[in-house]
There are 4 protein chains.
Amino acid sequence: MEALLQSSRPLRADARRNREALLAAAREAFLTGEADAHVEEIARRAGVAVGTIYRHFETREALIEEVYRQEVDDLCAAPTELLNRHAPDEALRRFLLLLVEHSAVSKGMAVALESIMATDSPVFDDARTQMAQALDRLLEAGAAAGAIRGGVSGRTLLRALGGICGMRATEGWRDEAVRITAILFDGLRFGAQKAG
Amino acid sequence: MEALLQSSRPLRADARRNREALLAAAREAFLTGEADAHVEEIARRAGVAVGTIYRHFETREALIEEVYRQEVDDLCAAPTELLNRHAPDEALRRFLLLLVEHSAVSKGMAVALESIMATDSPVFDDARTQMAQALDRLLEAGAAAGAIRGGVSGRTLLRALGGICGMRATEGWRDEAVRITAILFDGLRFGAQKAG
Amino acid sequence: MEALLQSSRPLRADARRNREALLAAAREAFLTGEADAHVEEIARRAGVAVGTIYRHFETREALIEEVYRQEVDDLCAAPTELLNRHAPDEALRRFLLLLVEHSAVSKGMAVALESIMATDSPVFDDARTQMAQALDRLLEAGAAAGAIRGGVSGRTLLRALGGICGMRATEGWRDEAVRITAILFDGLRFGAQKAG
Amino acid sequence: MEALLQSSRPLRADARRNREALLAAAREAFLTGEADAHVEEIARRAGVAVGTIYRHFETREALIEEVYRQEVDDLCAAPTELLNRHAPDEALRRFLLLLVEHSAVSKGMAVALESIMATDSPVFDDARTQMAQALDRLLEAGAAAGAIRGGVSGRTLLRALGGICGMRATEGWRDEAVRITAILFDGLRFGAQKAG
DNA sequence: CATGAATGAGGATTCATTCAT
DNA sequence: GATGAATGAATCCTCATTCAT
């Protein structure tokens with residue numbers, strides 16, 4: 001009934017191992033394309049039984065959510081870094097490409113981005129908010145510097161990116177994704193130029 | 001096994017009424033957010049029994065497909081019209097806005113666009129192809145006129161639009177959708193200016 | 001609710017035609033191997049609608065029963081004829097072979113014989129009784145003439161024949177069926193010789 | 001999807017109990033005459049939920065097949081034994097009677113034999129092949145010893161036996177079945193005498 | 001009389017979740 | 001803590017039969 005309280009006390013070594021194995025297996029399962037992988041399948045891949053999933057995660061959805069949250073955590077470290085090293089518009093450009101490249105490398109990431117960005121599922125609320133805030137930071141910095149058109153929210157941009165990053169199935173995907181991302185970026189600069 | 005031969009002879013009045021009611025109910029069901037509405041539920045909404053669904057549509061998926069096909073048919077009449085009345089780039093701009101406005105008015109259309117554009121589900125293959133071709137026509141005309149950047153396929157643009165049009169849940173959606181669509185359009189023109 | 005009272009008054013010409021067409025279609029459907037052909041399918045083959053089936057036959061089973069009864073009627077004319085022309089044992093031998101040959105020629109007949117003989121389904125009660133009586137007549141005549149072992153009922157022999165005649169699917173069926181029928185017949189004579 | 005790996009490790013005690021209960025319930029269900037007993041019904045009889053059937057058996061048909069396979073396994077141990085103790089023709093005679101007696105004792109066995117022998121259903125392919133081979137062994141041994149007429153396949157004989165063993169519904173079944181089995185056997189010997 | 005659209009009670013199967021071992 | 005067997009609601013689809021047109 002009550003799933004493991006992660007904060008209360010540190011997990012025993014084997015329990016932690018199981019938790020990690022489950023997350024890895026779930027990531028793997030989604031990466032293989034089965035965003036609707038069954039719990040039995042995920043448990044099997046992790047080398048545990050289904051019961052163990054329910055010891056670590058409230059429900060199947062909670063497991064999925066955690067997988068996606070971790071992916072997003074990794075990505076959302078980037079903007080701060082990029083803003084330290086580059087001009088705001090360049091930082092934005094690089095972040096957009098980063099998302100595309102990650103999607104190109106990892107189908108799991110692509111599915112994650114699509115799910116997070118292009119849906120309203122409450123399962124991904126946290127991840128979505130985090131991503132939107134990361135983009136907001138970049139957009140606002142760019143707008144403040146007069147390099148990027150203002151008036152576009154991270155959430156909105158996210159939508160478009162979700163559509164783009166979800167494309168991975170089609171032939172020649174990567175190039176097209178890079179191209180349309182560049183178009184979006186040009187559009188964002190174009191507006192600023194007009195305004196300025 | 002083989003459902004209703006639509007071509008053989010016109011449906012009886014009551015049969016047509018039921019068919020329309022089913023399509024309306026299905027549209028309604030998807031509109032209410034249940035893209036995975038159950039056949040029983042759709043039948044109930046249409047005021048018929050499940051068997052009637054299967055008299056009119058091969059499978060549940062065939063019904064869904066038909067709903068989406070109708071929405072798309074309506075939209076895809078537009079490009080030809082627009083190209084007759086406007087310069088290619090203006091026709092493209094108007095078509096992009098048309099998609100957004102339709103999504104603003106009809107949640108069903110928004111869901112349809114998202115499903116058609118942002119997935120690879122074979123269920124929507126026909127609808128997707130039709131939409132991609134509509135955009136291709138506009139993009140090619142624009143590129144031929146030197147007003148639009150070349151090298152972007154309708155399919156790719158569709159992806160981004162799918163993400164955008166699916167946004168309807170959030171507050172202030174319409175304005176943001178119009179804005180980012182404008183950004184995309186600007187990006188497409190921007191490239192052409194560069195090239196030219 | 002009440003199906004056509006066949007005796008009350010003669011059918012209109014077109015009604016009779018429909019009834020015949022339905023029986024022919026049903027025979028054809030079973031002959032094609034689908035002993036479980038659906039009513040829609042049978043109606044389609046007969047060039048009528050399902051409603052017409054229910055005007056002529058109480059239920060689907062009643063239609064099947066009638067088909068089988070007709071097949072059996074044809075066969076059961078034979079014993080009388082054979083007993084007029086041949087010695088009782090020869091008449092029996094010929095009748096057994098007649099069943100096999102009919103099954104070889106008509107898959108419908110084979111299915112009919114199997115259904116009638118090798119099951120206890122009340123649907124075929126009448127047909128079964130008729131066949132059993134036909135065999136009884138031959139067996140009794142043979143036993144009375146001292147040429148055939150007594151103590152075997154037509155119903156029992158029918159069972160074995162049903163199994164044999166149902167074999168038509170396998171390769172080289174006809175020869176094996178003829179052979180084992182001959183064995184059965186030899187067994188019936190063999191017993192008589194022993195007894196005599 | 002893949003049911004229970006029987007080989008991997010022995011079932012837990014309760015699981016084995018359920019598996020046995022399911023097989024017993026299925027046997028019972030068929031015995032009651034419902035060869036088409038529903039999964040819900042079988043589950044109910046076994047005191048489990050439907051899901052448990054699908055944990056143990058791939059499909060409904062797989063369960064049926066297993067029931068029949070077990071019956072056949074029991075029977076097919078006999079021929080080897082009989083050939084060790086008796087002359088080939090006597091072994092054959094006893095095996096034929098064994099089938100009849102088993103059918104007399106167990107309606108389940110009778111139905112099993114009828115299903116296996118008198119149909120071509122792929123569900124019973126394995127069982128049928130096994131039975132046919134058992135008979136082939138006896139027939140060939142008998143033919144080699146000059147005691148039994150050659151040229152009859154086990155498969156063919158099986159058909160006739162299926163018809164006979166399926167008869168259990170009628171009054172005085174057992175005696176008639178024994179008698180006609182004897183006739184078949186006499187026929188098989190009769191041929192050999194002729195040939196020799 | 002004929003049509004064929006509609007009915008709706010099944011029936012097989014799936015899978016997230018629970019809980020006895 | 002872990003196991004994995006059991007649960008059972010949910011879901012799609014079939015098809016004999018009825019009845020409005």
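Note that the coordinates shown come from a computational prediction; the quantities given were computed from them, not determined experimentally. Chain letters run A, B, ... following the sequence lines, proteins first and then strands; every chain starts at 1.
Rounded to whole Å, atom C1' of dA16(F) lies 13 Å from atom CG of Leu63(C). Computed from coordinates, the Phe57(A) CZ to dT17(E) P distance equals 13 Å when rounded to whole Å. Atom pair Ile53(C):CD1 and dT3(E):P shows a separation of 11 Å (rounding to whole Å applied). Going from atom NE2 of His56(D) over to atom P of dG4(F) covers 14 Å, rounded to whole Å. When the P atom of dC15(E) is taken as reference, atom CD of Glu61(A) falls 16 Å away, rounded to whole Å. Here dT7(F) presents its P atom at 10 Å from CG of Asp14(D), a figure rounded to the nearest Å. Following rounding to the nearest Å, Glu40(A) (CD) and dA5(F) (P) show an atom-to-atom distance of 9 Å. Protein atom CZ of Arg44(D) is 14 Å distant from nucleotide atom P of dT7(F), rounded to whole Å.
Remark: Asp73(D) engages Arg69(D), Gln130(D) in a side chain to side chain donor-acceptor pair (under 3.5 Å) (not counting sequence neighbours). Residues forming a salt bridge (charged side-chain N to carboxylate O under 4.0 Å, His left out) with Glu71(C) (at least two apart in sequence, or on another chain): Arg27(C). Taking the side-chain contact (heavy atoms from CB on, under 4.5 Å) definition, one finds that Arg44(B) meets it with Glu41(B), sequence neighbours left out. Scanning for side-chain contact (heavy atoms from CB on, under 4.5 Å) contacts around Ala46(D) gives Ala21(D), Leu22(D), Ala25(D), Val48(D), with sequence neighbours left out. Applying the side-chain contact (heavy atoms from CB on, under 4.5 Å) rule to Ala127(C) yields the partners Val72(C), Ile116(C); only residues at least two apart in sequence or on another chain are considered.
In the set dT13(E), dT14(F), dA5(F), the nucleotide with an atom closest to the side chain of Tyr54(B) is dT14(F). Among the nucleotides dA2(E), dT7(E), dT17(F), the one closest to any side-chain atom of Val39(C) is dT17(F). In the set dT17(F), dA2(E), dG4(E), the nucleotide with an atom closest to the side chain of Ala49(C) is dG4(E).
Taking atom C1' in both dT21(F) and dC1(E), one finds a spacing of 13 Å when rounded to whole Å.
Within the 4.0 angstrom heavy-atom criterion, only backbone atoms of the sugar-phosphate kind lie near Val48(B); the bases stay farther away. Val50(B) comes within 4.0 angstrom of a base, heavy atoms only.
Remark: DNA chain F takes part in the stems E:2-21 with F:2-21, each of 3 or more antiparallel Watson-Crick or G-U pairs, criterion distances under 3.5 Å.
OP1 and OP2 of dC1(E) both lie 4.0 Å or more from every side-chain N or O belonging to Asn18(C). OP1 or OP2 of dG1(F) has not a single side-chain nitrogen or oxygen of Arg55(A) nearer than 4.0 Å. Phosphate proximity of dT3(E) to Thr52(C): present, with a side-chain N or O under 4.0 Å from OP1 or OP2. The side chain of His38(A) places an N or O atom within less than 4.0 Å of a non-bridging phosphate oxygen (OP1 or OP2) of dA16(E).
Comparing Gly47(B) and Arg17(D) along DNA chain E, the residue whose closest nucleotide (by nearest heavy atom) sits nearer the 5' end is Gly47(B). Taking for each of Thr59(B) and Gly51(D) the nucleotide of DNA chain F with the nearest heavy atom, the 5'-most of the two is the partner of Gly51(D).
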List the steps and the verdict of side chain to side chain contact (heavy atoms under 4.5 Å, CB included) for Leu23(B) and Phe57(B). CA-CA 10 Å; Leu23(B) 284 167; Phe57(B) 303 94; 3.9 Å; yes

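Note on Glu66(D) versus Arg19(D): salt bridge recorded, some NZ/NE/NH1/NH2 to OD/OE distance being below 4.0 Å. Remark: Asp14(D) does not engage Arg17(D) in a salt bridge, criterion side-chain N to carboxylate O under 4.0 Å.
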